[in-house]
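Note: hydrogens, waters and symmetry copies are ignored here, and every other heavy atom, side chains too, is used. A, B, ... follow the sequence lines: proteins, then strands. Residue 1 opens every chain.
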Amino acid sequence: MKASMPIFLSSCGGLTAALCCLRTPTRLIGHNRIVPPRCETAAHSSGQNTLFPCRAAFRGVRAHRSSTAAPLCSDTSAKTARLQKGSRTSLSAGGGRTSSGASAHTPVIITSAPVTYAHGTTESWRPSSDIFPVKSRGGEWYLGAVSLSRPRRIMPICVVTDTGTQVPTHFQRVPIPHLSLSSACSDTFVKAKVLQKFPLASSEGDYDYILKTVIQEYEDQQNLPSGHTSINAILFGPLAKDFSQTVAEGDLLVLAGFTVGRSPTVKKDGLHPCNLELAGGDVHIYVYPASTLGPSPSTVSTRTRAPVTEAAKSKYAYVALKDLKAGMVVNIYGVVTFFKQPFRTKGTDYCSTLKITDHSDAKLCCSIFSEKLENHPQIYEIGDIVRLHRVKIQLFNGTLNCITTLGFSALTFDGTVGSPIVPRTSSSSFHFCDDDRRMVERLRAWATGQLALPPRSAIPLSSVRPRMYFDLTCQLLAKAVIDTCCTLLKVWDGTICADPLLSVSVEPVTLEGSLAVTGGRHNLVANVLVYDNHVEVARRLKPGSYLRIYNLHAVPQSAEMPPGGGGGGTGGAGHLAFHLHGGTAYGRGIRVLPEDSLDLQELKRSLESLENDMSDSSLIEWCTPPESLDAVPEDSLTVLKCDHTLERVTLACVKKTTPPRVFHVRARLRSYQPERLYQALKLHCPKCKALQDVPDEEAIASLFREALSGTGCCSEPWAFTGYLDSSDPGRKISLHMCRSVEKGAKELVFVEGATFEEMSRLSVGQKSLVPVRSSDGRMTLLDLSAPFLFQGPKQYYGCTRCSQVNCVELDTQEKGEMDERRIAEVLGVQPLRYVFLMKLDLQDNSGCLDALLWNDAESFFCVPASDAEASQELQDWIQQTLDKLCPPGGCLEERPWLDLCLRSYTVEESGQRTVCYQIFSTVVSGADV
DNA sequence: GCTTAGGGTTAG
């Protein structure tokens with residue numbers, strides 16, 4: 001006898017069995033087990049630290065991406081000459097420029113290096129259409145055909161003198177921090193200032209010349225995204241030569257037609273991990289000479305901006321701290337020995353408290369008042385050097401201190417000997433000269449020899465011990481408001497704490513940011529609880545930014561926390577939580593460190609070595625905002641039905657996280673198993689979790705034939721028995737009705753002596769037929785590998801393990817109809833449930849992933865599996881659906897996108913843990929209408 | 001125009 005050996009689905013099983021079953025649907029697999037997800041409803045309920053990336057973290061990004069074609073320059077005054085709408089520039093061969101519009105509407109750009117043709121040129125022209133295409137229409141510049149002529153050598157570098165010029169509206173600006181290896185470069189541009197231009201170099205490769213330049217995102221946007229704002233751009237060939245001749249440091253560029261490559265110097269220069277490569281005819285560069293630019297945009301810190309004036313001698317006098325007297329208004333220099341980040345006073349201002357000393361060995365406490373945070377000195381650590389202008393010396397409690405007076409300003413410098421002397425300031429205009437440089441160097445050198453100066457207190461997470469107070473330099477990954485006086489910050493610094501870290505989970509919707517970049521690695525993420533006055537600062541922090549948190553307290557948990565309690569914290573005794581207590585004692589506070597801060601070097605090294613350990617894609621994950629996925633214009637063929645709002649992530653991101661988790665992904669269906677639908681239909685025992693194939697008809701027919709031999713008389717007290725002629729001469733088919741027929745169970749008929757084919761024919765239009773055989777004078781069911789119940793076209797199976805059938809004794813007290821469940825119960829049969837089980841091979845731009853379609857498969861197709869089993873029409877419908885999701889023969893790029901809700905979970909089999917994924921809460925479009 | 005703070009651990 002051919003019997004189905006089931007696959008078992010229980011709490012200790014594995015995925016492989018199910019997949020085996022998919023691959024070899026008619027072969028029977030025994031005693032393997034599959035784990036259904038332990039966490040059926042909420043991935044974060046397991047107590048693990050789970051994160052659901054929140055859209056809010058990228059709000060700024062989206063806002064930016066939607067605003068295409070921002071004016072290149074803010075000056076769009078009426079003096080800007082423009083072409084009339086629809087007009088076209090043409091230039092005569094004989095000399096003077098002619099235009100279909102008035103001369104007042106002549107474009108004032110146009111250059112083709114090495115000779116620049118600018119507004120008012122007397123160069124002679126003739127029509128040509130093969131030159132750098134520029135067209136002005138409605139006041140905007142387009143890349144399109146234009147008839148300018150007499151090009152000598154036409155290169156795609158344009159010097160723009162019209163400050164109202166705009167880029168074509170279909171071009172989209174990409175902020176440099178958002179560039180990644182996977183960036184789509186067509187119809188995009190970057191807008192950046194030339195920080196550094198290296199000398200033109202000759203090259204032996206495909207190009208004769210090569211030139212490197214460092215450009216920086218042009219800071220004219222509110223909420224400039226965090227990340228690397230400076231990037232290397234490499235120009236090749238004639239372009240490099242022209243760039244060398246045309247462009248100067250300080251110029252503003254608009255670059256289009258570039259490609260993005262990996263920067264080989266990222267470790268050395270600490271700039272963007274990618275570089276821009278510019279070669280060939282697709283490249284277009286608009287150059288806005290520094291002289292034509294207005295004042296620098298003011299929305300972003302100008303900490304690295306070059307001073308406006310630089311002279312050898314200072315026009316300011318600085319007083320040594322030992323020479324200060326009460327009542328003086330002075331300019332001073334000092335080395336910071338204590339400081340508090342600006343905090344709100346009871347008055348109108350923020351106050352920074354600092355204590356400084358200098359080579360005269362005097363000490364001075366300073367109170368800096370300003371209602372603008374940017375006017376406060378940007379002090380990152382003890383040892384920094386400050387220059388304070390116009391402070392008033394006063395006596396308080398017998399000691400001198402100083403406070404700000406009108407005209408106060410501050411510069412801050414890193415205190416490390418030998419490091420670049422770059423003043424930190426928000427002021428666009430400040431005086432800085434060689435005297436200042438010498439003063440900073442002198443104070444640095446002096447401070448280095450001062451043992452009395454307090455040590456710097458920033459340490460990595462790996463050095464943190466329980467109960468310590470310390471300063472942490474870190475990157476903010478995500479944050480969540482806990483209540484009005486507490487905010488949670490999830491941070492990391494790339495090092496692993498020796499003590500286990502407390503894990504704090506919060507409602508997914510409240511979390512802003514993403515932990516995806518950590519790849520789900522344990523003990524990397526510190527949970528910082530920020531209290532009281534620091535909540536205001538925390539509210540302004542953007543995930544991805546770099547922070548220094550001062551006087552952070554490592555607090556070991558005293559006892560095991562109750563599951564789900566205590567604000568979602570999990571972890572046993574000794575797990576470290578980090579508290580930034582209220583108040584400003586010991587300089588407690590938070591400071592955002594700029595991307596290019598020297599103070600971030602160690603952190604970046606740690607994060608870099610982590611990244612090297614992880615796949616390259618992790619970098620791309622971090623650099624690529626999820627909005628790039630949103631940009632996919634196609635509609636999805638599936639619809640999410642879940643009630644949670646999750647940031648959509650890539651499949652690579654899904655694979656990097658630790659289960660259990662829930663994700664939203666958008667992917668294409670590369671293939672699916674099994675290929676034949678009937679093989680996807682399984683029988684599942686809800687009791688023992690066994691999963692088995694639906695027996696094929698031949699096997700069932702064989703069971704029925706075997707049962708014929710046992711036919712004989714039995715002594716069941718049937719209420720009624722009728723007989724039918726069978727297809728075999730002499731064989732009768734008995735139809736028994738039990739005594740309960742008198743009570744209403746009349747549609748339950750026991751059929752003895754029928755073949756499977758006869759049984760199938762008999763069941764047409766019948767409510768409930770149960771095939772039986774006689775054994776030792778008693779009536780019993782057939783082997784449970786055959787259906788135990790026929791209802792019209794539907795056939796029901798029982799679990800051979802869990803059913804307890806002896807003889808059929810149907811002396812029930814039933815009244816009315818019995819459904820299949822009740823019939824099974826009365827017969828002692830544990831019914832099996834029809835289920836779908838498929839493996840979908842998904843792919844997106846980041847990679848591929850196998851996901852099971854199982855528990856939610858019926859709702860995915862909106863077809864009950866038991867109905868599909870009996871309905872050719874429904875099976876055809878499912879097959880057509882699968883053909884739509886994964887058109888046979890088509891290439892992957894042509895396949896539709898599918899929005900999917902995925903859940904990850906772990907299964908354990910033979911001591912091996914495997915991560916599995918299932919599709920949930922997803923419905924094929926139109927299936928549910 | 002004046003005031004604010006005036007260092008020195010929360011107690012979650």
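When heavy atoms are screened at a 4.0 angstrom cut-off, A/Arg588 is found touching base atoms of the nucleic acid. Among the atoms of the strands shown, none is found under 4.0 Å from any heavy atom of A/Glu371. Nucleic acid contact for A/Ile403: base, since at least one base atom lies under 4.0 Å from a heavy atom of the residue.
A/Lys340 has its NZ atom 8 Å from the P atom of B/dG7, to the nearest Å. One atom, CD1 of A/Ile356, and another, P of B/dG7, lie 16 Å apart when rounded to the nearest Å. Look at CG on A/Asn397: it is 12 Å from C1' on B/dA5, rounded to the nearest Å. Regarding A/Leu529, its CG atom lies at a distance of 12 Å from the P atom of B/dG12, rounded to whole Å. Taking atom CG of A/Leu364 as the reference point, atom P of B/dG7 lies 13 Å away to the nearest angstrom. For the pair A/Tyr350 OH and B/dT4 P, the interatomic distance rounds to 18 Å; values are reported in whole Å. At whole-Å resolution of the value, CG in A/Asp349 and C1' in B/dT4 are 6 Å apart. Taking atom CG on A/Leu488 and atom C1' on B/dG12, their separation rounds to 13 Å, with Å as the unit.
Toward the 5′ end of DNA chain B lies the nearest nucleotide of A/Ala585, the other residue of the pair A/Ala585 and A/Asp532 mapping further downstream. Mapping A/Phe369 and A/Gly582 onto DNA chain B by nearest heavy atom places A/Phe369 closer to the 5' end of the strand.
Judged by distance alone, the side chain of A/Arg390 and the main-chain N or O of A/Val329 form no donor-acceptor pair under 3.5 Å. Using a distance-only test at 3.5 Å, with no hydrogens or angles considered, no donor-acceptor pair links the side chain of A/His376 to the main chain of A/Gln341.
Side chain of A/His553, nearest nucleotide from B/dG6, B/dT9, B/dT10: B/dT10. For A/Thr345, the side-chain atoms get nearest to B/dA5 when compared with the rest of B/dG7, B/dG12, B/dA5. The side chain of A/Asn551 sits closest to B/dT9 out of B/dT9, B/dT4, B/dG12. Closest contact between the side chain of A/Cys351 and the listed nucleotides B/dG7, B/dA5, B/dT10 involves B/dA5.
Applying the 90° cutoff around 0 to the glycosidic angle, B/dG8 is assigned syn.
Annotation: cation-pi geometry satisfied between A/Lys604 and A/Tyr546 (NZ/CZ under 6.0 angstrom from ring centroid, within 45° of ring axis). Relative to the six-membered ring of A/Tyr380, A/Arg424 meets both conditions, a distance below 6.0 Å and an angle of at most 45° to the axis.
If you take atom C1' in B/dG6 and the same atom in B/dT10, they sit 22 Å apart, rounded to whole Å.
Applying the side chain to side chain donor-acceptor pair (under 3.5 Å) test to A/Tyr469 and every residue at least two apart in sequence or in another chain returns A/His553.
The base of B/dG7 lies close enough to the side chain of A/Lys355 for a donor and an acceptor atom to sit less than 3.5 Å apart.
Per the stacking criterion (ring centres < 5.5 Å, plane angle < 30°), A/Tyr586 does not stack onto the base of B/dG7. Where stacking is scored as ring centres under 5.5 Å apart with planes under 30°, A/Tyr469 registers as stacked on the base of B/dT9.
The ring of A/Tyr550 has its center closer than 6.0 angstrom to the ring center of A/Phe339.
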